Amino acid sequence: MGHLVKPHSHESSDKMDNALESSARGMRALWISLVVLGVTAIFQVFIVIISGSVALLGDTIHNFADALTAVPLGIAFLLGRRAVNRRFTYGYGRAEDLAGIVIVLTITASAALAAWTAIDRLINPQDMDYIPAVASAAVVGFIGNEWVARYRIRIGREIGSAALVADGLHARTDGFTSLAVLLSAGGAALGWQLADPIVGLLITVAILMVLRDAAREVFRRIMDAVDPELVDTAESALNGVPGVVEIGELRMRWIGHRLRAEVAIVVDDQLSLREAHDVTVEAELALLDAVPKLTAALVHADPAPTPGAADPHAQLAHQTAA
């Protein structure tokens, strides 16, 4: 009765409130991790200056780059909170995908710089000073980065932000490269000058590996890829709605860390317009309840084909083909 008296919205207010809250959680994760990585990198800079370790320099560069990626991500989260308008009818959530591209480029640049410094040190080897300090900086780097990685990945997966997950993977690789610096310090302690630049090159390889993973994650998001399990969940929810005869078409896409769906369902052709509309409302509610992070669903009802009757989509199909 309430539906008949008061027009309803096809947006789920609860889901939208959760989406806004997820943006706030993303911002909080960025700033907290920025402080942790900033303190870690500053400590490492001091050790680099007194020790001259090129492996630690590469790790420090990567830590600074990882900390600075909070800037484009923070801007993206702020833009994503802006309301839709007549030009950006889906909102500004795609800014997160653009931030993901910036993160991938940042990782690429840090890999190039780490490789260049390591190769230069191979050509011009130097002794490492203050070896215990270098080892302690490596341990501090690992602890700081691993904490940030766990935090970013957890929040990123909870709110559905591919860019934040990619940034967390970036931090995790930084943590393991920090441990690699320990090998450099150990080799230097044994008098092997080439240990430092060789470990620097190994760090570059590790950076390239995380670059591959981050680029793949961002590319899939830009290409509107979704986890097939989400599609399975949506289909199961729709098939459980009374009145849904068949699922004609189901499309899902991420817009930032918000998921949207467009569905065509087949209903009995004898239903009235009101009855068919009620089925689509139930289908929409079922989707919003079943699919995690789904904030909006557009459900279209098609009549079941009647033997001998003209196809109601024949003209549209012809127009599409043209």
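On a predicted model such as this, the values are computed, not experimentally measured, just so you know. As a basis for the values below, the full set of heavy atoms in this structure was taken, side chains included, without hydrogen atoms, waters or symmetry mates.
- Linking Ile, Leu, Val, Met, Phe, Trp and Tyr whenever their side-chain heavy atoms come within less than 4.5 Å puts Leu250 and Val279 in one cluster.
- Neither Val39 nor Ile42 shares a network with the other; the hydrophobic side chains, linked directly or stepwise wherever heavy atoms of I, L, V, M, F, W or Y lie under 4.5 Å apart, form separate groups for each.
- Rounded to the nearest 0.5 Å, atoms CD1 (Ile101) and CZ (Phe219) are 11.0 Å apart.
- Looking at heavy atoms from C-beta onward, Glu235 lies out of side-chain contact with Leu238 at the 4.5 angstrom threshold.
- Within a 6.0 Å sphere centred on CZ of Arg251, other residues, nucleotides and ligands contribute 12 heavy atoms or fewer.
- Taking the side chain as every heavy atom from C-beta outward, Val140 and Gln44 never approach each other to under 4.5 Å.
- The main-chain N or O of Ala76 is never found under 3.5 Å from a side-chain atom of Glu96 such that the two would form a donor-acceptor pair.
- Distance check, rounded to the nearest 0.5 Å: CG of Leu298 to OG1 of Thr280 gives 9.0 Å.
- What you find for Lys293 and Glu158 is that their closest heavy atoms are CE-O, 2.9 Å.
- Looking only at side-chain heavy atoms (C-beta outward), Ile143 and Trp147 stay at 4.5 Å or farther from each other.
- The neighbour count for Tyr151 OH, taken as heavy atoms of other residues, nucleotides or ligands under 6.0 Å away, is above 12.
- Taking 4.5 Å as the limit, some side-chain heavy atom of Leu294 sits within range of a side-chain heavy atom of Leu259.
- Under a hydrophobic-cluster definition in which Ile, Leu, Val, Met, Phe, Trp and Tyr are linked whenever side-chain heavy atoms come within less than 4.5 Å, directly or via other members, Val299 and Val266 are assigned to different clusters.
- Rounding to the nearest 0.5 angstrom, the gap separating the CD1 atom in Ile265 from the CD atom in Glu284 is 10.5 Å.
- Side-chain contact check for Leu98 versus Arg94: every heavy-atom pair is 4.5 Å or farther apart.
- Nearest approach of Val267 to Ala276, heavy atoms of both residues: CG2-CB, 4.3 Å.
- Residue Ile247 holds its CD1 atom at 8.0 Å from OG of Ser236, rounded to the nearest 0.5 Å.
- At least one side-chain heavy atom of Asn85 sits under 4.5 Å from a side-chain heavy atom of Tyr92.
- Side-chain heavy atoms closer than 4.5 Å link hydrophobic residues (I, L, V, M, F, W, Y) into clusters, and following such links, possibly through other members, connects Leu105 to Ile222.
- Within a 6.0 Å sphere centred on CZ of Arg216, other residues, nucleotides and ligands contribute more than 12 heavy atoms.
- No single ILVMFWY cluster, assembled from side-chain heavy atoms under 4.5 Å apart, contains both Phe46 and Val35.
- Here the CG atom belonging to Leu211 is positioned 12.0 Å from the OG1 atom belonging to Thr204, to the nearest 0.5 angstrom.
- Using a 4.5 Å heavy-atom threshold, the side chains of Trp31 and Arg28 count as separate.
- In this structure, Arg253 CZ and Glu262 CD are separated by 7.0 Å, a value rounded to the nearest 0.5 Å.
- Residues Val218 and Ile103 have side chains not in contact (no heavy-atom distance under 4.5 Å, counting atoms from C-beta outward).
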